[in-house]
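One structure is given here, and the rest of the page talks about it.
What's counted below: heavy atoms across the whole structure, side chains too, no hydrogens, waters or symmetry copies.
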Amino acid sequence: MKRFVKTIQHILPIEPWLICFYESDENVFAILLIAYEAQGTRISVENVQFLPIEFLGWDCLTIGALGWDQIQIANSNALTINRGYFRKQWMLELCDKLAKFYPREISKIKERSKYFTKVREFWLNHSD
């Protein structure tokens, strides 16, 4: 059975860490990917890749609303690797993703706020 990791993996916070880190072209945030097969207590490594995060396609990455938000690998068994992809293009795509992500998050927060206003009203009227 070939495995990476089955769950969403939190890679790194977007701001301020990644944005500041990538202000210098000399900095590289690299990902170590290891494909392996597990049989009982034995593990056999099948493939190892060490690559900059910008080589991972946005079709296999997601953005999670944790703190300043995080880039996550959605499914490490289905990775798109674009070797030689330019950091500038990847960062512009990140900005595009965030431009769509934040309005959705604001909408979710507004809905949750309305919901908890109703919950509060229930408890204000509830007997002790």
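In this structure, the separation between CE on Met91 and CD on Glu23 is 9.0 Å, given to the nearest 0.5 Å. Atoms OG1 and CD1, from Thr62 and Ile73 in turn, are 9.5 Å apart once rounded to the nearest 0.5 Å. The line from CD of Gln70 to CD1 of Ile63 is 11.0 Å long, rounded to the nearest 0.5 Å. Rounded to the nearest 0.5 angstrom, Ile19 CD1 and Leu94 CG are separated by 5.5 Å. If you take SG on Cys60 and CG on Asn82, they are separated by 8.0 Å, rounding to the nearest 0.5 Å. In this structure, Lys88 NZ and Asp25 CG are separated by 11.0 Å, a value rounded to the nearest 0.5 Å.
A donor-acceptor pair under 3.5 Å is absent between the side-chain atoms of Ser113 and the main chain of Ile109, judged by distance alone. When atom types are taken as modelled, the side chain of Trp90 and the backbone of Leu56 share a donor-acceptor pair closer than 3.5 angstrom. Of the possible polar contacts, one joining the Tyr22 side chain to the Phe29 backbone as a donor-acceptor pair under 3.5 Å is found. Put simply, the side chain of Asn27 gets close to the backbone of Phe21: a donor and an acceptor are under 3.5 Å apart.
With Leu33 as the fixed residue, the side chain to side chain contact (heavy atoms under 4.5 Å, CB included) test singles out one of Val48, Asn47, Ile81: Ile81.
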*How far apart are the C-alpha atoms of Tyr85 and Glu93, what are their side-chain angles, what is the distance that settles it, and do they pass the side chain to side chain contact (heavy atoms under 4.5 Å, CB included) test?*
CA-CA 12 Å; Tyr85 207 67; Glu93 290 172 11; 2.4 Å; yes
*List the steps, then state whether side chain to side chain contact (heavy atoms under 4.5 Å, CB included) holds for Ile34 with Leu32.*
CA-CA 7 Å; Ile34 302 172; Leu32 178 63; 4.1 Å; yes
*Yes or no on side chain to side chain contact (heavy atoms under 4.5 Å, CB included) for Ile71 and Trp58, after CA distance, side-chain angles and deciding distance?*
CA-CA 10 Å; Ile71 297 172; Trp58 282 105; 4.1 Å; yes
*side chain to side chain contact (heavy atoms under 4.5 Å, CB included) between Gln72 and Leu61: does it pass, once the steps are laid out?*
CA-CA 6 Å; Gln72 304 167 333; Leu61 297 173; over 6 Å; no
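Using a 4.0 Å cut-off between charged side-chain N and carboxylate O, Lys114 and Glu111 make a salt bridge. Salt bridge annotation for Lys108-Glu105: present, with a cationic side-chain nitrogen under 4.0 angstrom from a carboxylate oxygen.
Few gaps surround CZ on Phe122; more than 12 heavy atoms of other groups in view lie less than 6.0 Å from it.
In this structure, Glu37 and Gln39 have side chains that are in contact, with non-hydrogen atoms separated by less than 4.5 Å.
Residue Phe50 comes nearest to Ala30 through the heavy atom pair CZ-CB, 3.5 Å, listed as atom of the first residue, atom of the second, then distance.
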